[in-house]
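So the structure is just underneath, and the comments pick up after that.
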Amino acid sequence: MTRKTLLAPAFVVVGLVAFALQQPPQQPPQQPPQQPSEVTLTITGSPGAPPHFAVPDFLPITSDADIVAAARTIGQVLWDDLQFERDFDMIPRDTYASVPVAKSTTDVPFDRWLELGADGLVIGNVQKVGTGMRVEVRLYQVQTGRVAFSKQYDQGAAPGMPINVRLFAHTISDEILQQQRNLRGVARTKIAFDSNRDAERMGGTIEERQAKEIYICDYDGANQRRITVSRTLSISPHWSPDGRAIAYTSYAGGVPEIFVSFIYQGLLQRPTRGYGQNFLPAYSPDGTKITFTSNRDGNDEIYVMNADGSNVQRLTHNPAIDSTSTWSPNGLQIAFTSDRTGAPQIWVMNADGTGQRQLTRESYCDRPTWSPAPFNEIAYASRTGPAGFDIKILDLAKMESMPITFGEGSNESPAYAPNGRHLVFMSTRGGRRQQLYTIGRDGRDLRQITRTGANFMPNWSR
């Protein structure tokens with residue numbers, strides 16, 4: 001039995017500019033129960049080895065150029081998505097030429113795929129449905145020909161609006177990982193960052209200063225889109241836990257304030273309006289609170305407020321500079337940077353400001369980010385050279401730090417993926433300009449995801 005999921009785009013207005021933004025993943029409508037084989041069949045490989053998976057191009061039902069292109073794109077992007085998590089040994093796509101193309105999703109040359117060494121095979125087709133698109137997919141256990149996963153996806157579109165073809169692949173990847181590995185994939189997540197790529201001059205300044213704006217992109221760097229249009233400094237974005245809003249620092253009023261952009265509704269809030277300088281917001285795990293740094297009482301300290309700006313409370317009281325807060329996954333603790341013992345170091349406190357204690361004792365540490373559960377660690381930037389930083393991970397149970405970058409450029413501002421397996425960070429390793437990279441928490445699988453302009457302070461949606 002094939003299940004169906006509806007992927008529906010939305011057209012929204014953000015600030016003064018209109019964007020066609022895909023709605024964040026929604027809970028699909030209730031579906032008939034799957035066949036027992038689809039629920040219980042887990043594809044395995046040789047003992048001690050991951051299963052070998054193959055993902056050829058999907059099958060176009062018609063010869064329309066857009067359908068043929070979509071079928072090719074979905075196959076490639078799905079292969080990349082599954083490869084990113086490294087749970088399956090993905091058979092390179094350039095080896096598939098020796099296998100005849102399947103006649104349909106039910107007429108597959110399993111014997112030839114078995115010769116290629118495939119344990120699992122993803123076969124799908126693509127067709128037009130009105131102004132939208134339909135994708136059907138099946139995951140087979142190659143040795144037996146049994147179906148492990150089967151589903152149909154529909155994405156509608158208003159006349160003249162593009163179909164987000166990559167979203168089909170991202171959704172299939174996440175759902176296969178969930179079904180086969182009980183793992184939350186990150187293919188549908190997004191990364192927010194600030195960038196000067198448009199080379200716009202800041203308004204209201206005498207000297208030549210470049211503006212920075214907030215952008216978002218898919219986890220793999222695709223679909224990079226501008227969110228703010230302020231011609232000033234819009235920096236340090238942080239996603240709300242539901243992925244529908246971004247809090248950031250804006251200099252639109254001349255001094256830094258916390259803004260919150262509800263990017264799929266076109267709404268903008270200023271929860272810290274008129275109270276000193278406020279910057280570096282961070283949402284609590286439940287989305288009800290935001291911590292931030294402010295000098296409203298004369299010194300840079302950590303504060304917390306409700307997400308709407310009410311009930312502001314000061315958490316640190318120290319003549320030193322306290323900044324860059326990050327919440328623990330359970331919301332009970334907050335890590336931050338403080339130079340109260342000399343050079344900046346990573347500290348931690350209870351969510352009410354009590355129990356403050358120092359975690360690192362290195363040359364210079366900054367930009368802590370707490371990992372999601374089940375990992376119990378904090379990633380941060382540590383100075384490892386005269387002008388360079390590396391990303392380190394602090395194991396909070398063992399109180400041991402492990403570097404995951406090693407002196408190639410300066411590497412800063414790490415942020416975890418929602419499943420805790422990957423980080424995004426900014427680095428000068430490719431030249432003088434900062435670019436964004438993703439890397440596994442084990443230091444493997446480095447990937448560059450931006451190449452235009454200079455890009456800073458990434459944050460990964462939950």
Side-chain angles (χ1 to χ4, degrees), residues 24-27 174 178 182-186 188-192 216 219 236-249 258-264 269 271-272 278-293 302-316 322-337 346-357 359 367-380 393-397 413-424 441 457-462:
Q26 302 294 311
Q27 292 296 324
D174 284 348
Q178 183 66 50
N182 194 28
L183 169 72
R184 181 184 177 188
V186 301
R188 286 175 290 181
T189 61
K190 299 187 183 301
I191 293 171
I216 64 172
Y219 88 98
S236 63
H238 196 276
W239 287 96
S240 64
D242 63 6
R244 294 178 176 275
I246 297 174
Y248 61 96
T249 306
I258 306 301
F259 280 42
V260 176
S261 176
F262 294 86
I263 61 174
Y264 300 104
Q269 294 181 355
T272 60
N278 308 278
F279 37 95
L280 296 169
Y283 273 99
S284 63
D286 63 4
T288 63
K289 298 181 183 298
I290 296 175
T291 51
F292 61 100
T293 301
I302 304 293
Y303 292 76
V304 64
M305 63 181 172
N306 293 338
D308 63 2
S310 62
N311 194 28
V312 177
Q313 299 179 37
R314 181 173 170 178
L315 298 180
T316 61
D322 299 328
S323 64
T324 59
S325 52
T326 178
W327 292 77
S328 66
N330 59 12
L332 298 180
Q333 292 182 296
I334 297 168
F336 61 101
T337 301
I346 309 303
W347 287 65
V348 67
M349 60 183 167
N350 297 326
D352 62 0
T354 61
Q356 297 179 22
R357 59 189 177 91
L359 295 181
R367 298 292 297 178
T369 178
W370 216 307
S371 68
F375 304 106
N376 185 28
E377 58 196 29
I378 292 174
Y380 60 99
I393 293 178
L394 174 64
D395 185 320
L396 293 172
S413 294
Y416 276 96
N419 62 11
R421 292 173 136 207
H422 321 274
L423 296 102
V424 61
R441 61 181 290 273
M457 303 179 79
N459 185 254
W460 212 316
S461 74
R462 294 299 181 222

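All heavy atoms count here, side chains included; hydrogens, waters and symmetry mates do not.
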So, taking the atom named [atom1] in [X] and the one named [atom2] in [Y], what distance separates them when rounded to the nearest 0.5 Å?
X	Y	atom1	atom2	value
Ile246	Ser236	CD1	OG	11.5 Å
Ile263	Ile216	CD1	CD1	4.0 Å
Lys289	Trp327	NZ	CH2	6.5 Å
Trp347	Ile302	CH2	CD1	13.0 Å
Asp322	Ile334	CG	CD1	11.5 Å
Met457	Ser413	CE	OG	5.0 Å

Closest contact, heavy atoms only, [X] versus [Y]:
X	Y	answer
Tyr283	Ala307	CE2-CB, 4.4 Å
Phe259	Pro271	CA-CD, 4.4 Å
Ala379	Tyr416	CB-CE1, 3.7 Å
Pro285	Pro241	O-CG, 3.3 Å
Gly331	Ala351	O-CB, 3.5 Å
Lys190	Trp239	O-NE1, 3.7 Å

**Positive for side-chain hydrogen bond (donor to acceptor under 3.5 Å, both in side chains) with Ser325, one of Thr293, Thr291, Thr337** =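 Testing Ser325 for a side-chain hydrogen bond (donor to acceptor under 3.5 Å, both in side chains) against Thr293, Thr291, Thr337 leaves exactly one candidate, Thr291.
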Using modelled atom types only, decide if a donor and an acceptor are shared between the side chain of [X] and the backbone of [Y] within a distance under 3.5 Å.
X	Y	result
Asn419	Arg421	yes
Gln356	Leu315	yes
Thr326	Trp370	yes
Asn350	Asp352	no
Asn459	Ala192	no
His238	Ala247	no
Ser240	Ala245	yes
Asp174	Arg188	yes

**Request:** Mind telling me whether Phe292 and Tyr303 have parallel, tilted or perpendicular rings, with 30° and 60° as the class edges?
**Result:** parallel
Are any non-hydrogen side-chain atoms of [X] and [Y] less than 4.5 angstrom apart?
X	Y	answer
Leu359	Leu396	yes
Ile290	Val260	yes
Tyr219	His422	no

